[in-house]
Undergrad: 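Could you have a look at this structure, given as structure tokens, before my questions?
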Amino acid sequence: MDIGSVNYLPYEDFVDVFGNVVEKCPLITAAVWSRRPFSSLADLEASINDFIDALSESGKEGILRVHPDLTGRDLQSGTLTRESREEQVQAGLDTLTTAEVSRMARLNTEYKDHFGFPFVICARMNNKATILRQLEERLRNERTIERACAIDEVKKICHLRLQGLVVPETSNKL
Ligand SMILES: NC(=O)N[C@H]1NC(=O)NC1=O
């Protein structure tokens, strides 16, 4: 779909197509529909990011809290969203050894106990080694810094999901 077609979508269709660009947050998509017409894919993405940035700190934490754990229960039981499953599989998180699964589970729990929201990272920009390393490193962050870091990862995930849905505009200039 190109951005021109996106601008013609009624809100029901817009939410159907873009409702999960921020994991389990269709409210963001529904709100951003009011900002159309979008001049470009980057403009649509900027509207989503502006909406996120305008949220209170507890609102941002709410976005993080609806994310599934990496390699958690949902991956094992097949109850992830399609997007999340594809991303976790692409990062190789379905091929962890038993020891790696235990390590990830232990670190995820430690992280959640410490910050009160789950560890979020753009899986497609990483692999299992870098994810485990980041999880260990980010556990040591101060809370405000870590929340900002996790929200940046949500934006990266959103960026890649949008790219899979909208054809980037080609320049008409010669
Ligand atoms: N917990 C977490 O990071 N989950 C996300 N990461 C990603 O790339 N897709 C997700 O659902």
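Position 1 is the first residue of the sequence, and the numbers go up from there. Atoms within a ligand are numbered from 1 in the order they appear, just like the ligands themselves.
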Undergrad: Has the side chain of R85 got a donor or acceptor atom that lies under 3.5 Å from a matching backbone atom of D74?
TA: no
Undergrad: Given E146, which partner from the list R138, K112, K60 fulfils the salt bridge (charged side-chain N to carboxylate O under 4.0 Å, His left out) test?
TA: R138
Undergrad: Report, in ascending order of atom number, the atoms of ligand 1 lying under 4.0 Å from any heavy atom of V120.
TA: 1 (N), 2 (C), 3 (O)
Undergrad: Taking only Lys NZ, Arg NE, NH1 and NH2, and the carboxylate oxygens of Asp or Glu, determine whether E83 and R124 approach each other closer than 4.0 Å.
TA: no
Undergrad: Suppose we measure from atom 9 (N) of ligand 1 to each protein heavy atom; which comes out shortest, and what is that distance?
TA: E87 OE1, 2.6 Å
Undergrad: Below 3.5 Å, N or O to N or O, backbone or side chain included: is there any such pair between Q88 and ligand 1?
TA: no
Undergrad: Are the side chain of Q76 and the backbone N or O of T71 linked by a donor-acceptor pair below 3.5 Å?
TA: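 Yes; judged by distance alone, with no hydrogens or angles, the pair exists.
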Undergrad: Can you pull out the closest protein heavy atom to atom 8 (O) of ligand 1? Residue, atom name and distance to 0.1 Å, please.
TA: A123 N, 2.8 Å
Undergrad: Under 4.0 Å from a heavy atom of S84: give me the atoms of ligand 1 that qualify, with their elements.
TA: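 Those qualifying, in numeric order: 10 (C), 11 (O).
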Undergrad: Considering only NZ, NE, NH1 and NH2 on the basic side and carboxylate oxygens on the acidic side, decide whether E100 and R103 come within less than 4.0 Å.
TA: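 No, no charged N to carboxylate O under 4.0 Å.
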Undergrad: Would you please determine whether C122 falls within less than 4.0 Å of ligand 1 on a heavy-atom basis?
TA: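 It does; at least one heavy atom falls under 4.0 Å.
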Undergrad: So does R143 pair up with E61, basic N to acidic O under 4.0 Å?
TA: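 Yes.
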Undergrad: Could you tell me whether some N/O pair between I121 and ligand 1 is separated by less than 3.5 angstrom?
TA: yes
Undergrad: Which of the numbered atoms in ligand 1 are under 4.0 angstrom from any heavy atom belonging to P68?
TA: 1 (N), 2 (C), 4 (N), 11 (O)
